[in-house]
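Input: a single structure, listed below in structure tokens.
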Amino acid sequence: MNAETLVASLHLVTPELILAVGALVLLMVGVFSGDKSTPTVTGLAVALLIASGLWMVLVPAEGSAFGGAYLADGYARFMKVLALIGSVTAMIMAVGHARFDHLDRFEFPVLLVLATLGIMLMISANDLISLYLSLELQSLALYVVAAINRDSLRSTEAGLKYFVLGALSSGMLLYGMSLVYGFTGNTGFDEIAKVLMAGKPQLGLIFGLVFILAGLAFKISAVPFHMWTPDVYEGAPTPVTAFLAAAPKIGAMAIFVRLVIGAFQPIFVEWQQVVVFISLASMLLGSFAAIGQRNIKRLMAYSSIGHMGYALVGLAAGSKTGITGVIIYLTIYLITTLGTFACIMAMRVKEGGNVENVDDLAGLSTTKPFMAVVLSALMFSLAGIPPLAGFFAKYFVFVAAVEAQLYGLAIIGVLSSVVGAYYYLRVVKVMWFDDAKVEFTRIAGELRLVFGLSGLFVVGYLLVGGPLDVMAEAAAKTLFY
């Protein structure tokens, strides 16, 4: 690589460079100033994430860098902006909770910046090696933040479970990559696709593909690799859970789509079977397992498993319409989930701190009417009830499945959505028809802003849906050149 190509590559990765250099500077600020610098480091971390996002939007650059290992295109830009929105929002929501959840240490925002850096690199990965390295950068930061409250047994247990199962999934991913490399002689997505187009795939390569998909399924908490999700969601501090439910899911699903569409499109029939299976299993388990949940964070964990299953319906179609549906689904899921977690973080009583049971929301319509209205709208949206945003999210992926003649998948998806509506409506029933048991303290301004904007989005989706659909379609089109 000569100086000219190096400069061109560095220009393409400027958003990531901003985060990488900024994270190192923030780490030094924290090391030399101690925990008293936490508010400053947090503010600067938010500024870094916003600066990275603004650079991508205002100075768009497209092309491949570092010998094709990194790819900047419209799809990557759209998904990175989504991931940055998730990271910034989660970090802002954590500000008021830092002291209560023992997050008032400078390492927390630095780790979130590093995790976001890994997510952004993963979204642009165009090579198996760059995919693995970026995924591990993200994962190592997430293992630490999941267990960052060392005084809490639940938080420590959550971090340990996440680490052990994450290490297992990384091993499966690496083994699959080694098989794919062994049978194709390449690690680049484009080169793998060329080899697969040249002839019939060997059995060993199919095994490698299955192992790779298994490793990525863990990252999006799809069945049967979902085991960590309920325990980690419940045990980790709520601001950390809000982050885990947002940005990492966007990044993992983004690279899942790019990998199968970019590298393995010639063997569409083989990977479609795997995607259909994990989609079906995730939708069904997410719908039925959540029915008995009383802890709202565990309920949201099973909800996220189900929603990843619905998103995979669009991917199973393997068409431009399907990928457009996936992008729209992830956008709506991100905003709705952030709003819901803002409401969960607002469930704080004067004595005893946060409460997490669904029954603690009893009588919310009389004690906090604005929060009750917004949370009801978010629950209806997650259930897919028209004309809210969640309905259109499911509509687009089911239409893609029908166009691809995956009628069984679409029918089971609709039926599981009906089952899933039960536990969302139960939350609404508790808020509006049960007598109040506790009264929550004053809601922090940043939480009120987040769930207010989220509620506005899901209710007014018809007004903003058109431009979003156009942008999602343009992003999806770049994968089908």
Side-chain angles (χ1 to χ4, degrees), residues 9 12-13 16 61-80 82-83 118-135 173-174 176-181 183-199 201 205-206 208-217 219-220 250-275 278 311-312 314-327 330 400 404 472-481:
S9 295
L12 287 175
V13 300
E16 286 82 1
E62 296 193 2
S64 61
F66 306 113
Y70 175 99
L71 189 63
D73 54 14
Y75 173 76
R77 188 162 56 249
F78 188 98
M79 301 307 282
K80 285 179 187 179
L82 278 188
I119 291 165
M120 291 176 65
L121 288 169
M122 185 167 69
I123 291 171
S124 282
N126 197 41
D127 187 280
L128 294 177
I129 296 173
S130 60
L131 161 59
Y132 178 74
L133 291 174
S134 54
L135 187 142
L173 189 71
L174 267 181
M177 288 177 177
S178 67
L179 285 174
V180 169
Y181 173 70
F183 283 94
T184 63
N186 293 282
T187 56
F189 292 177
D190 298 334
E191 290 78 11
I192 291 171
K194 288 175 184 174
V195 171
L196 293 178
M197 288 174 68
L205 186 135
I206 305 299
L209 171 62
V210 171
F211 275 104
I212 290 175
L213 296 185
L216 292 177
K219 296 302 175 186
I220 62 172
I250 300 296
M253 185 62 84
I255 192 60
F256 200 122
V257 171
R258 186 186 290 283
L259 179 72
V260 295
I261 297 296
F264 295 104
Q265 185 62 22
I267 53 171
F268 168 69
V269 175
E270 282 79 1
W271 63 255
Q272 185 190 40
Q273 297 173 51
V274 180
V275 172
I278 61 177
L312 287 170
L315 179 58
S319 61
K320 188 154 69 72
T321 306
I323 303 306
T324 303
V326 173
I327 295 171
L330 291 175
E473 190 172 350
K477 196 180 292 183
T478 61
L479 294 175
F480 294 88
Y481 51 83

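Here the structure is a predicted model, which is why all the values come from computation and not from measurement. Hydrogens, waters and symmetry mates are skipped; everything else that's a heavy atom, side chains included, is used.
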Restricting to non-hydrogen atoms, name the atom on Leu205 and the atom on Phe183 that form the minimum distance, rounded to 0.1 Å. N-CD1, 3.7 Å
Please find the pair of heavy atoms, one from Met122 and one from Ala252, that lie closest to each other, and give the distance. CE-N, 3.5 Å
Are the side chains of Ile255 and Met79 in contact, using a 4.5 Å heavy-atom criterion? no
Atom CG of Leu216 and atom CG of Leu131: how far apart are they, to the nearest 0.5 Å? 6.0 Å
Would Leu71 and Arg258 count as a side-chain contact (heavy atoms from CB on, under 4.5 Å) here? Give the steps. CA-CA 11 Å; Leu71 189 63; Arg258 186 186 290 283; 3.2 Å; yes
From Leu12 atom CG to Ser64 atom OG, the distance as rounded to the nearest 0.5 Å: 7.5 Å
For residues Phe256 and Val275, determine if any side-chain heavy atom of one lies less than 4.5 Å from a side-chain heavy atom of the other. yes
If every non-hydrogen atom of Pro266 is compared with every non-hydrogen atom of Ala193, which pair is closest and at what distance? CG-O, 3.5 Å
Side-chain contact, heavy-atom cut-off 4.5 Å: Thr184 with Glu191? no
Do the non-hydrogen side-chain atoms of Gln265 and Met197 ever get within less than 4.5 Å of each other? no
Using a 4.5 Å cut-off on heavy atoms from C-beta on, say whether the side chain of Asp127 contacts that of Phe66. no
Separation between CZ (Phe78) and CD1 (Ile250), nearest 0.5 Å, reads 9.5 Å
Could you tell me if the side chain of Asn186 sits less than 4.5 Å from the side chain of Leu128, heavy atoms only? no
Look up atom CD1 in Ile261 and atom CD1 in Ile323, then write down how far apart they are to the nearest 0.5 Å. 4.0 Å
Using every non-hydrogen atom in the two residues, find where Ile327 and Ala475 come nearest and quote the distance to one decimal. CD1-CB, 4.0 Å
Go through Ile220 and Leu312 one step at a time and tell me if the side-chain contact (heavy atoms from CB on, under 4.5 Å) criterion holds. CA-CA 10 Å; Ile220 62 172; Leu312 287 170; 4.0 Å; yes
For the residue pair Leu173 and Lys219, establish whether any side-chain heavy-atom pair is separated by less than 4.5 Å. no
Determine the minimum heavy-atom distance between Leu121 and Ser134, stating which atoms define it. CB-CB, 3.6 Å
Locate the shortest heavy-atom distance separating Ile119 from Ala83; write the atom from each residue and the value. CG2-CB, 3.8 Å
Could you grab the distance from atom CD of Gln273 to atom CZ of Phe268, nearest 0.5 Å is fine? 10.0 Å
In sequence, state the C-alpha distance, the side-chain angles, and the governing distance for Met177 and Thr187, and then conclude on side-chain contact (heavy atoms from CB on, under 4.5 Å). CA-CA 8 Å; Met177 288 177 177; Thr187 56; over 6 Å; no
Mark yes or no for whether Glu62, through its side chain, and Asp73, through its backbone, hold a donor-acceptor pair below 3.5 Å. no
Rounded to the nearest 0.5 Å, what separates atom CG in Leu174 from atom CD1 in Ile129? 10.0 Å
Report the C-alpha separation of Val257 and Tyr75 in whole Å, then their side-chain angles, then the decisive distance to 0.1 Å, and conclude whether the side-chain contact (heavy atoms from CB on, under 4.5 Å) test is met. CA-CA 10 Å; Val257 171; Tyr75 173 76; 3.4 Å; yes
